[in-house]
Novice: 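Shown below is the structure under consideration.
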Amino acid sequence: MPKKPKTLKMHFNGKEVSFPEGVSVLRAAELNGIHIPSLCSHKDLSPFGSCRLCMVEIEGMRGYPLSCDTLARENMKVLTDTVKLGELRKDILQLILSEHPFSCLVCGEKEECVEFQSTIRKTGVTTGCRYCPNDDQCELQQLVEDIGVDEVEYPIYYHGHEPESADPFYDRDYNICILCGRCVRMCKEVRGTAVLDFTFRGPSAKVGPAFGRNHIEAGCEFCGACVDVCPTGALADKASKWDGKPDKSFTSTCPFCGIGCQVEIDVKDGRLSKASGAV
Amino acid sequence: MGSGGLIVVDEDTCIVDTAKYFLSFTQQESCGKCVPCRVGTRHLVELLDKITKGNGELDDIKKMERLCETIKAGALCALGGTAPNPVLSALKYFRGEFLAHVQNKRCPAAVCRDLVVYRIDPDKCTGCQKCVEVCPVDAISGPRSEPHNLDEEACIKCRSCYEICRFDAIAGDAITIVPGQTDKS
């Protein structure tokens, strides 16, 4: 039987909390109900540090260390919500949004818009949240609400990638990808296939199989793990793409083989909309 | 300048243009992993470019300073952490030159193409017609052995006439690039 990790104590914003040894500062905060915004971290994946939103202030450490890749230690004193951190997060989120269609996020009419959602939604190119298959289920959208960005001061950079829909199961639109690398890590670390990786660099960086191959040639099994972890609407499975937010979700057992994995079943309008791995 | 290197330049070098040069380098070198470096440096280059083109506003300088701080504090590695240094140093020691670009739409070093005019000094010009030959848009005219005329409207500021005039003994350095009034000012 694995040894139970030791329980240690640390301080978040002056409050003493306990956490199990060996977890990151971000996880320790999560376990104690303290919210630190983050887009690239995921509990099943290794820390990556690309979104830079989970930065915190730690006594005795220089600058703004990332809570996702800093190991929580005994008696650590962490500040998660200072004015300076708020400003930095706001600015960084603005930078993320300048590469991502944001018109609906900062629109003054967004509250009133909900009732007009029955208008054109199934668009080929996503120009705002109302035209995105992931509307209402998007982590970026949620974060903009939480952090409170109401304007983006920078010009928009549209990547101009062609939306990819040639493969049988998924549609991909890397114009709304924020390069958080969750799909890449999922493919490499959890599935062990490493079909996806970052191609090109700097402003031209894009996720995809190496050497310009398509997913089938690169050996993709279409397991769907990348779609499940994507925080935005860049990856969407064709079958449930425009179903919207599910009415309810429940966990069930997959009947496909004898292993009996747990699956998450989404129901929309009394119909099975989507089944994904329960993680 | 960023990496701690020391560069000696004279007053013929525009500091805004130099900062833009350094920033375009770090922007090309950015791996694209973290947001502040990938997107932030791109915005910095765009802002500097805007200023060198004479479209800068006072607000852009403030915006650049804030963006520099965000990139420095937020970038993942030292490349991003030091990328804004050329802009910060330039703003710290040569703020006047930035202000000249932004407020007066004037490049004191006469480097930024959109903020300069080309002039022919009639006293120096020997009328050798070298510049007439190299001008790709026929902006320079005039008979041989008489001072030439330069049509500022037609001039595309390609520098060809300046180069040939400067290094040719006959032509004798009659063409100068001066920080001048442009249609934008």
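As the structure is a computational prediction, the values presented were derived from the model and not from experiment. Per chain, numbering begins at 1; letters A, B, ... match sequence-line order. Any value given below was found using the heavy atoms of this structure, including those in side chains, with hydrogens, waters and symmetry copies removed.
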Novice: Between Gly181(A), Cys51(A), Ala205(A), Pro203(A), which residue shows the highest count of heavy-atom pairs closer than 4.5 Å to chain B?
Specialist: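 Answer, by heavy-atom pair count under 4.5 Å with chain B: Pro203(A).
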Novice: Where along residues 35-52 of chain B does a heavy atom come under 4.5 Å of chain A, listed by residue number?
Specialist: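 Result: Val35(B), Pro36(B), Arg38(B), Val39(B), Gly40(B), Arg42(B), His43(B), Glu46(B).
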Novice: Name the region of Tyr154(A), side chain, backbone, both or neither, that has any atom closer than 4.5 Å to a heavy atom of chain B.
Specialist: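 Both parts, backbone and side chain.
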Novice: Counting only N and O atoms by type, is there a donor-acceptor contact under 3.5 Å from the side chain of Lys33(B) to the main-chain atoms of Gly49(A)?
Specialist: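 Flag not set: sc Lys33(B) to bb Gly49(A) has no pair under 3.5 Å.
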Novice: Looking at Tyr157(A), Tyr64(A), Phe48(A), Phe200(A), which makes the most heavy-atom pairs under 4.5 Å with chain B?
Specialist: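 Option with the top pair count is Tyr157(A).
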Novice: Under a 4.5 Å heavy-atom cut-off, does chain B meet the side chain of Ile178(A), its backbone, both or neither?
Specialist: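 The backbone, not the side chain.
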Novice: For Tyr174(A), does the OH atom sit with more than 12 other heavy atoms under 6.0 Å from it, leaving out its own atoms?
Specialist: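 Yes.
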Novice: Should Arg66(B) and Glu153(A) count as an ion pair when the cut-off is N to O under 4.0 Å?
Specialist: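 Between Glu153(A) and Arg66(B) there is a salt bridge, with a charged N closer than 4.0 Å to a carboxylate O.
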Novice: Looking only at heavy atoms and a cut-off of under 4.5 Å, which of Arg89(A), Glu99(A), Gln94(A), Met55(A) has the most pairs with chain B?
Specialist: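 Of the options given, most contacts go to Glu99(A).
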Novice: What part of Gln28(B) lies closer than 4.5 angstrom to a heavy atom of chain A: side chain, backbone, both or neither?
Specialist: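 Contact with chain A is through the backbone of Gln28(B) alone.
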Novice: Tell me if the CZ atom of Arg73(A) is crowded by more than 12 foreign heavy atoms within 6.0 Å.
Specialist: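 No, not enclosed.
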Novice: Considering all heavy atoms of both residues, which atom of Asp91(A) and which atom of Leu67(B) are nearest to each other, and what is their separation?
Specialist: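 Smallest heavy-atom distance, with atoms named: OD2-CA, 4.4 Å.
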Novice: Is the number of heavy atoms from other residues, nucleotides or ligands under 6.0 Å of Tyr21(B) OH greater than 12?
Specialist: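 Result for OH/Tyr21(B): open.
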Novice: For the candidates Gly63(A), Cys180(A), Cys40(A), Ser98(A), which exhibits the highest count of non-hydrogen atom pairs separated by less than 4.5 Å from chain B?
Specialist: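 Ranked by heavy-atom pairs under 4.5 Å with chain B, first place is Ser98(A).
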Novice: Drop me the distance from Ile92(A)'s CD1 to Ile71(B)'s CD1, to the nearest 0.5 angstrom.
Specialist: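 The distance works out to 9.5 Å.
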Novice: Rounded to the nearest 0.5 Å, what separation is found between the SG atom of Cys34(B) and the CG atom of Leu66(A)?
Specialist: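 Answer for the SG-CG pair, Cys34(B) versus Leu66(A), is 9.0 Å.
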Novice: More than 12 non-hydrogen atoms from neighbouring residues, nucleotides or ligands closer than 6.0 Å to CD on Glu162(A), yes or no?
Specialist: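 Open: at most 12 neighbouring heavy atoms sit under 6.0 Å from CD of Glu162(A).
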